[in-house]
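For reference, the structure discussed in these notes is given below.
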Amino acid sequence: MGISTRCIISVRCFINLREPVMLKRGQNERQKRQAAYLGAPPPSPPCRRPLSSIASATFGLVAVIRRRVKAGKKDFEELASDNGTSNDISIEHAGSVDSRRVRALFYSIIKAFLIVSLSFDRLILCMGCFWIRLKKIKPVPKMNIDLESGDGKVYQQSIAAVCNLDWPKSKLLVQILDDSDQPTTQLLIKEEVLMWQAKGANIVYRHRVIRDGYKAGNLKSAMSCSYVKDYEFVAIFDADFQRTPDFLKRTVIHFKDNDEVGLVQARRSFVNKDENLLTRLQNINLSFHFEVEQQVNGIFINFFGFNGTAGVWRIKALDESGGWLERTTVEDMDIAVRAHLEGWKFVFLNDVECQCELPESYEAYRKQQHRWHSGPMQLFRLCLPDISRSNISFWKKANLTILFFLLRKLVLPFYSFTLFCIILPTTMFIPEAEIPAWVVCYIPAAMSMLNIMPAPKSFPYVVPYLLFENTMSITKFSAMISGLFQLGSAYEWVITKKSGRSSEGNLIPLLKKDPKHQRFSSEPNLGEMKQELLKQAKKASRNEKKHNRIYMKELSLAFLLLTASARSLLFAQGIHFYFLLFQGISFLLVVSTSSVNKFIEPGTA
C-alpha cells in the first residue's frame, strides 16, 4: 500500500420597467427611438436563466451607479434636456421609475441565487442525505472474505500506524515518500524506517532529488517503481492521518467481485474540531461536505472528488486514467475526474473514519482555501474538452459540468462575494435601491441551516458561521478568478501548517522515544539533530513574525461594510445596519487576529 504525505511542504441585459412617455408632435427621430426603447417590453424573467442573469444584473447595476456618479443626472433628465422639454418630465417621476428599475435588477439576482443555491444544490443534497438516513443505505461488499493483496504509502509518524495494519505482512508494502529538503529530517525518517525493518515490516524509504510536481510528482515517482506491478491496490494517507488497524479490511473488501469500483474513500474526523472558533466553523463545512455531498453523490451516482488521502485506489484505475498529473494544484480531484470519465465507480464509506486535524490559524486556513478554490478552476479549463468527448451518459456530463464544477466551484463563490460583500453594502448609497429583509436575513439563514444539519451540535455557532463564510468569500473569489484565468497565484502551493495534535507533526518528539528505538544512531548525533531542528524552528518563527502582512482586501471590505452600516443607520434600515455592522467587524477581527499571530507553532497550543 503506498501511503503518501503532505511533505510537499499542497451580457448586458436590462429589465426595463419604465412607463412609456407621451410624445409631442414634431419630435425628431432620435427621441422616437429613445421612446421606443423606454416602451420596449421587458425581457423574459431572469430566473429562467440564473447564470446569464448574474452578469446582466451586475452590469446593469454598474451602469446605474456610473450614470449617477459621473453625470449626476437621471436618464429621463438627459432625454428631456435634448429638446428643451425638461419640464415635461418631472424629476420625481424619473426617480420613481429608476427606483423600480434598480429594484428589478436586484430581485433578478436574488431569484437566480435562490434557484441555483437552494433548489439545485443544497436542498436536493439534503433530501438525499435524509433519504439515506431514513432507509439506512450504505455500501455493502458483495462477499465478506479475506483478500490477497494491498499496497501502502506513509510518512513520518504514520509509519507506526500503517505498519500495524491488520493485514498479512507478506501482502503489504509500505512506501515512505519523503519530499523534505532538510538533511536532519531525512536522517530521522530513515531512522524510523530502519527500526521497522528490523521488526520485519516490508517497508522502503524514497526521497526525490528532483522535487518537481509537488504531491502529484511524488506519487507519480512512487508508482513508477518496478515492484508496484506486483500489487493490486494502493492506499494513500497524509502525514497527519491516523487510521484504525482494520482500515484495509473495511475498505478493500468493496473491491471484491466488483471490477467497476476504482476508489473506496473513507471520511475524515477531526481531533481538534473543538479547539477554537475557527476549527468549529471548519467542522461545519467539512461535515456537510462528507456526510451530505460525498455520501449522496457516492450512493446515487458513484462519483465524488477524491480527498487526496484516506482512500484506496485500484492501481488499474489509476493507470487507465493516465496516472498522477502535475498540471494543477488539486491532483486528487484531477485523477478522480479522469477516472470517472473512464467509467470507474467510487464508493464512499461514511462509517469508516480517519482522524486528522484542522488548521488552527486564519493564515493557514486561508492558504488552504486558496488552493482548494483555485485548483478546481484550473482543472475545469483543462477537463472541459475531455468531458464533452467522453463516452459517459449525458446526465453524468451535465452533473460534472454544471453541478460539480460550475455551480459549487464557480457560481456559489461568485454569488456569496458579490451579493453580500459588494452589492448589499453598495445599495446603502443608492436610495432607489431597496433590499428586502428576507434577502439579508432569510436566505443566509436558510443556507446556514442546511449546511449545519450534519453537525447539529454546532447550531449555537450559526451566526458566526454565516459571517465567517462571507468573510472568507473574498479569498475564495480571488482564488477562483486566479485559477480560471491562470493568474500568478493560481499555481501557488503552500503547506497547510498544523499544530501536530493527531500525529505530533513535528519531528522533535521522535527524539523523546525510548532509547532502544534509536539503536541505529549514536546519541551524540541525535543530540546534534535535535539542536539543529530547534534552531530551524526558532528561525522559521522569527521569519514568520517579520513577514506579517496587512490584508488590504479584507481591510477595504471592512471599511466599505462599516461605512454602509453607518449609512443604513441614517436611513433607519435596522436589519441592514446590524448585518453590515457585524459583517464589517468580522472582517476586522479576522485581519487583526491573523496579524497578531499568523500561525500556532507546533506544541504551543
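Hydrogens, waters and symmetry mates are skipped; everything else that's a heavy atom, side chains included, is used.
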Heavy atoms of other groups near Phe559 CZ, more than 12 under 6.0 Å: no
Could you check whether any side-chain heavy atom of [X] comes within less than 4.5 Å of a side-chain heavy atom of [Y], counting everything from C-beta outward?
X: Phe303; Y: Lys396; answer: no
X: Glu293; Y: Phe348; answer: no
X: Phe420; Y: Phe579; answer: yes
X: Leu281; Y: Met472; answer: no
X: Phe405; Y: Val337; answer: yes
X: Tyr362; Y: Thr475; answer: yes
X: Ile422; Y: Leu557; answer: yes
X: Met333; Y: Lys409; answer: yes

Please test Leu278 against Glu360 for side-chain contact (heavy atoms from CB on, under 4.5 Å), starting from the C-alpha separation and ending with a verdict. CA-CA 7 Å; Leu278 177 60; Glu360 297 179 3; 5.8 Å; no
Considering non-hydrogen atoms only, spot the tightest contact between [X] and [Y] and give its length.
X: Ile335; Y: Ser321; result: CD1-CB, 3.9 Å
X: Ser458; Y: Ile452; result: O-CD1, 3.1 Å
X: Cys421; Y: Asn470; result: SG-O, 3.4 Å
X: Gly311; Y: Gln265; result: N-NE2, 4.1 Å
X: Ala364; Y: Pro359; result: CB-CB, 3.9 Å
X: Thr328; Y: Gly375; result: CB-O, 4.5 Å

Check against side-chain contact (heavy atoms from CB on, under 4.5 Å), Asp334 and Arg327: CA-CA 9 Å; Asp334 189 357; Arg327 57 183 182 173; 2.9 Å; yes
Return yes if a side-chain donor-acceptor contact under 3.5 Å exists between Asp179 and Tyr214, otherwise no. no
Between Thr279 and Gln282, is there a side-chain donor-acceptor contact under 3.5 Å, judged purely by atom types and distance? no
Derivation of the side-chain contact (heavy atoms from CB on, under 4.5 Å) call for Val312 and Leu263: CA-CA 6 Å; Val312 182; Leu263 167 68; 5.9 Å; no
Side-chain ([X]) to main-chain ([Y]) donor-acceptor, under 3.5 angstrom:
X: Gln294; Y: Phe290; result: no
X: Thr471; Y: Leu467; result: yes
X: Ser448; Y: Ala445; result: no
X: Asn272; Y: Leu358; result: yes
X: Ser221; Y: Gly217; result: no
X: Arg268; Y: Asn307; result: yes

My understanding is that only one of Ile387, Ile301, Leu400 makes a side chain to side chain contact (heavy atoms under 4.5 Å, CB included) with His340; could you say which? Leu400
Identified side chain to side chain contact (heavy atoms under 4.5 Å, CB included) counterpart of Lys367 within the set Glu363, His370, Gln369: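 For Lys367, the side chain to side chain contact (heavy atoms under 4.5 Å, CB included) check succeeds only for Glu363.
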Please determine whether salt bridge (Lys or Arg N to Asp or Glu O under 4.0 Å) holds for the pair Arg338 and Glu342, giving the CA-CA distance in whole Å, both sets of side-chain angles, and the decisive distance to 0.1 Å. CA-CA 6 Å; Arg338 286 184 281 118; Glu342 292 293 329; over 6 Å; no
Interatomic spacing from [atom1] in [X] to [atom2] in [Y] - rounded to 0.5 Å:
X: Ile585; Y: Phe582; atom1: CD1; atom2: CZ; value: 6.0 Å
X: Thr329; Y: Glu331; atom1: OG1; atom2: CD; value: 8.0 Å
X: Glu320; Y: Trp344; atom1: CD; atom2: CH2; value: 5.0 Å
X: Trp395; Y: Asn399; atom1: CH2; atom2: CG; value: 11.0 Å

For Glu469, is there an ion pair with Lys476 - N to carboxylate O distance below 4.0 angstrom?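 Judged by the 4.0 Å cut-off on N to carboxylate O distance, Lys476 and Glu469 do form a salt bridge.
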In terms of side-chain geometry, is the basic nitrogen of Lys215 or Asp238 positioned less than 4.0 Å from the acidic oxygen of its partner? yes
According to salt bridge (Lys or Arg N to Asp or Glu O under 4.0 Å), who are the partners of Asp319, at least two apart in sequence or on a separate chain?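 For Asp319 there are no salt bridge (Lys or Arg N to Asp or Glu O under 4.0 Å) partners, ignoring immediate neighbours.
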Set of salt bridge (Lys or Arg N to Asp or Glu O under 4.0 Å) partners for Lys273, sequence neighbours left out: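 In terms of salt bridge (Lys or Arg N to Asp or Glu O under 4.0 Å), with neighbours along the sequence ignored, Lys273 is linked to no residue.
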Set out, in order, the CA-CA distance, both residues' side-chain angles and the distance that settles side-chain contact (heavy atoms from CB on, under 4.5 Å) for Thr401 and Phe380, then state yes or no. CA-CA 8 Å; Thr401 305; Phe380 177 64; 4.2 Å; yes
